[in-house]
Amino acid sequence: MNSDLKRMELQYLQGVGPKRAELLARELDLHTFHDLLHYYPFRYIDRSTIHKVNEVNGEMPFIQLKGRFITFTTVGEGARKRLQALFTDGSGTIECVWFNRVKSIRESLKTGVEYLIFGKPAQFGHHYSIAHPEVDVYKPETAPQGLMGVYNLTDKLRNRQISSRILQKLVKNLLNTTAVQHIPDTLPASIVATRRLMPLNEALVNIHLPGSIRDLQRAQLRLKYEELFYLELNILRYIKGSNDKRVGFVFSRVGDYFHNFYNHVLEFPLTDAQKRVIREIRQDMGSGIQMNRLLQGDVGSGKTIVAFMVMLLAIDNGYQACIMAPTEILATQHYETISKMAGKIGLNVALLTGSTRKKERDSIHERLMSGELNIIVGTHALLEDPVQFRNLGLAVIDEQHRFGVAQRAKLWKKNTTPPHVLVMTATPIPRTLAMTVYGDLDVSVIDQLPPGRKPVTTLMRYAKDREKVYHFVGSEVRKGRQVYIVYPLIEENEKLDLLALEEGYEIVKETFPSYKVTYVHGKMKPAEKDHQMELFASGQSQILVATTVIEVGVNVPNASVMIIENAERFGLSQLHQLRGRVGRGADQSYCILMTKYELSRDTRHRLEVMTSTNDGFVVAEEDMKLRGPGDMEGTQQSGVAFNLKISNLAKDGQILQMARDDAEAVLRHDPSLSSPEGQMMDRHIHELFNKQLNWSEIS
Ligand code: ADP
Ligand code: MG
């Protein structure tokens with residue numbers, strides 16, 4: 001059993017012993033046979049290729065060379081002592097260097113003997129050097145061939161002679177133990193057969209010691225599939241379990257408020273995407289099961305109107321609705337938009353935030369209880385205990401990644417039956433990730449912008465172009481437009497960042513003496529911040545110099561230029577959010593990414609994603625590829641421990657889909673996992689997830 005391997009301590013594995021066991025435990029968190037068995041190589045090297053010295057360049061990964069040592073030189077004294085050896089294969093020479101065990105290595109190597117050396121070349125000035133290469137006397141019949149796994153190791157391990165190759169030897173010993181050879185498969189036989197997956201024991205052998213590329217690929221597929229299958233089975237089982245309990249209000253009517261608004265007040269036709277999403281939400285809210293739906297839509301795609309119209313459905317059915325925003329500014333903007341629309345059809349709306357005065361607050365509490373208020377717009381203040389409703393039927397949460405899961409749960413308690421919940425976000429999350437991170441959240445997508453919007457033009461400019469950029473700013477402002485200039489502000493670097501922001505502000509003021517320039521950052525008092533924002537929003541100021549406080553939700557359609565300073569320091573999704581602040585009106589808008597001249601390849605690539613597409617989903621996919629899903633916004637709060645060992649949600653979407661389909665089928669036939677195979681899966685789920693996550697707290 002797998003669980004037996006979890007009890008077998010590594011020190012008892014042949015070749016390990018107490019000292020190495022302690023090292024492996026401390027450095028790699030490997031304690032048992034099971035841990036080592038599932039410590040997969042992070043990449044593979046083709047050892048059948050032998051390179052020539054004159055082909056070597058600094059970009060190469062680990063390579064293999066065949067030749068002889070010409071000279072050995074010991075340099076330095078004591079702890080600084082190192083051994084340098086010159087190696088040649090006739091095409092050129094390369095240096096090998098050792099910093100440890102200098103004496104014994106020197107004694108073991110000879111000139112005139114043909115060796116295979118293996119390591120990663122690094123460039124120093126004009127020459128190349130390989131530190132601590134693996135060295136073997138070359139014998140054609142025993143030369144390593146095919147693929148070799150490379151394990152992630154620490155410097156400490158390497159210093160104590162635990163190289164990738166040693167680890168591989170230990171793994172070989174492990175694979176030879178009977179416990180591992182008789183490891184039972186952890187997937188149902190029927191799935192292994194229909195999906196033509198490699199059996200578990202074969203996959204484990206091939207992930208560590210691949211016989212061929214094809215075997216390696218099959219092993220990877222099998223292990224990825226398994227990982228994702230259990231992830232999905234676990235999520236789906238929770239959803240299934242909770243659906244039974246999750247009774248929701250039935251909103252069966254589309255009534256007067258909705259029709260009245262749609263036919264007489266709404267000033268523009270809805271996009272097809274908006275219509276589709278409203279339909280999806282209506283269906284959910286009519287089903288008798290409590291809705292938990294995520295509404296994704298790029299900035300400017302028109303989520304607010306959708307939220308408002310589904311609130312009307314709640315009201316038509318005799319309920320109240322609330323909408324909660326992460327900041328006071330956003331809440332106020334929503335309040336203005338919503339109260340204007342609601343007023344026209346005779347509905348009562350109020351705004352409740354942290355700065356609402358006590359008297360007004362008390363009055364709001366009363367009017368919510370009496371049912372006089374149909375809609376309440378607010379910030380976190382809505383979650384507080386004194387806020388009680390007569391009959392809350394729908395809660396909308398805007399920009400969800402600013403809200404934690406626990407806060408969402410508080411909303412549920414605002415009525416005896418939990419209200420329907422609609423979560424809106426402009427940070428698009430790739431579908432595969434959403435399926436998994438949000439597990440029980442259904443997802444609706446507005447994938448279309450209202451007509452007439454001109455796509456934002458995004459450009460990259462270096463510091464030396466600043467004069468031209470400011471010239472352009474001037475010409476836009478003269479046309480009556482407004483401009484954002486955004487500076488990065490991160491906590492670790494706060495002092496310097498604030499300084500840069502202030503300096504920037506001064507320079508902008510000097511450059512544009514005849515315009516009003518406002519200035520906002522998160523460290524300001526809220527009242528001051530709101531005042532400055534208001535100056536910009538109302539058009540009294542033309543240029544807003546700010547940190548990312550303006551990232552979310554702010555709506556100033558007249559703003560047509562977004563300049564992002566030190567753009568290289570922002571993540572993709574943040575850049576995309578910022579860009580979304582412009583392009584909200586009918587004018588051509590611009591987003592200018594200011595960077596330093598020297599950029600790493602990754603950074604350049606990231607910025608080029610921005611200049612090449614306006615599609616938030618493409619940006620999100622790229623972001624996930626670059627950063628990995630663990631760093632994506634939203635995953636932290638979601639509670640999903642992203643400790644996937646081998647699969648990558650960004651790249652393995654197809655496998656994930658397959659695994660999800662199969663997990664669904666399993667639960668259809670055996671909902672309680674009580675068949676013998678079901679019990680096996682149930683036990684496995686417990687082993688995998690017991691300590692990690694509790695889905696019942698997420699929703
Ligand atoms: P977001 O999805 O970023 O929250 P908003 O709801 O703020 O977007 O909408 C952005 C702007 O687009 C608003 O001024 C809104 O009135 C307008 N809008 C929304 N839907 C449409 C539509 N179908 N046609 C034209 N304008 C629309
Ligand atoms: Mg919005």
Side-chain angles (χ1 to χ4, degrees), residues 261-263 265-279 281 293-312 322-344 375 377-379 395-403 422-429 443-456 482 484 533 537-539 549-560 562 573-587 589 591 614-617 619-620 633:
F261 177 78
Y262 188 68
N263 296 325
V265 180
L266 185 62
E267 287 166 356
F268 42 73
L270 294 175
T271 62
D272 288 344
Q274 285 171 319
K275 286 186 197 156
R276 171 171 43 76
V277 163
I278 291 174
R279 216 164 33 236
I281 295 170
R293 188 168 277 274
L294 177 71
L295 173 56
Q296 287 190 38
D298 223 335
V299 277
S301 62
K303 293 184 292 295
T304 314
I305 199 76
V306 169
F308 181 68
M309 292 181 70
V310 299
M311 289 201 258
L312 295 183
C322 71
I323 177 164
M324 192 162 80
T327 65
E328 195 139 347
I329 296 168
L330 260 180
T332 309
Q333 278 197 347
H334 275 324
Y335 173 70
E336 281 163 8
T337 319
I338 286 171
S339 57
K340 221 181 278 163
M341 296 189 292
K344 292 184 184 157
I375 296 175
V377 183
T379 55
V396 180
I397 304 176
D398 197 12
E399 301 301 349
Q400 93 69 232
H401 62 273
R402 300 290 167 103
F403 288 104
L422 181 68
V423 170
M424 306 200 291
T425 179
T427 309
I429 298 152
V443 182
S444 285
V445 181
I446 306 184
D447 48 6
Q448 190 180 16
L449 291 180
R453 296 274 167 83
K454 290 199 184 70
V456 179
Q482 288 165 283
Y484 295 101
M533 293 290 274
S538 62
V549 288
I550 61 152
E551 184 186 334
V552 164
V554 174
N555 193 17
V556 181
N558 189 49
S560 65
M562 165 65 65
S573 74
Q574 229 179 351
L575 290 173
H576 184 69
Q577 287 290 314
L578 286 169
R579 174 166 64 184
R581 299 301 110 221
V582 294
R584 308 198 130 220
D587 302 320
S589 295
C591 175
N614 277 310
D615 184 332
F617 285 88
V619 173
E633 256 170 317

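Quantities reported herein were computed from a predicted structural model and do not represent experimental measurements. Indexing begins at 1, ligand by ligand and atom by atom, following the structure's order. The residues of the chain are indexed from 1 along the displayed sequence.
- For Gln482 (side chain) and Val556 (main-chain N/O), no donor-acceptor pair under 3.5 Å exists by modelled atom type.
- Taking every heavy atom of both residues into account, Arg276 and Val445 meet most closely at NH1-O, 3.1 Å.
- Residue Pro269 places a heavy atom under 4.0 Å from ligand 1.
- Proximity of Arg453 to ligand 1 is established by a heavy-atom distance of less than 4.0 Å.
- Among the atoms of Gly302, some N or O lies under 3.5 angstrom from an N or O of ligand 1.
- Using a 4.0 Å cutoff on heavy atoms, Asp398 does not count as a contact of ligand 1.
- Residue contacts with ligand 1: Gly297 is placed with no nitrogen or oxygen under 3.5 Å of a nitrogen or oxygen of the ligand (distance criterion only).
- Every atom of ligand 1 is numbered from 1 in the order shown, and the set under 4.0 Å from a heavy atom of Thr271 is 23 (N).
- Comparing heavy-atom distances from atom 10 (C) of ligand 1 across Gly580, Pro451, Ala273, Gly300 singles out Gly300 as nearest.
- A donor-acceptor distance shorter than 3.5 angstrom exists from the side chain of Lys303 to the backbone of Gly297, with no hydrogens or angles considered.
- Distance check, rounded to the nearest 0.5 Å: CE of Met341 to CG of Leu266 gives 8.5 Å.
- Between Asp298 and Arg579 there is no salt bridge, since no side-chain N of the basic residue sits under 4.0 Å from a carboxylate O of the acidic one.
- Residue contact check: Thr304 has heavy atoms under 4.0 Å from atoms 4 (O), 5 (P), 6 (O), 7 (O) of ligand 1.
- Numbered from 1 in the order shown, with element, the atoms of ligand 1 that lie under 4.0 Å from a heavy atom of Asp298 read 2 (O).
- Here is the list of ligand 1 atoms found below 4.0 Å of a heavy atom in Arg584: 3 (O), 7 (O).
- Interface of Leu270 with ligand 1, defined as ligand atoms under 4.0 Å from a residue heavy atom, comprises 23 (N).
- Arg581 CZ to Cys591 SG: the interatomic distance, rounded to the nearest 0.5 Å, is 11.5 Å.
- The CD1 atom of Ile375 sits 6.0 Å away from the CG atom of Leu312 when rounded to the nearest 0.5 Å.
- Between atom CE of residue Met324 and atom CG of residue Leu330 there is a gap of 12.5 Å, rounded to the nearest 0.5 Å.
- Contacts between Met424 and ligand 1 below 4.0 angstrom, taking non-hydrogen atoms only, are absent altogether.
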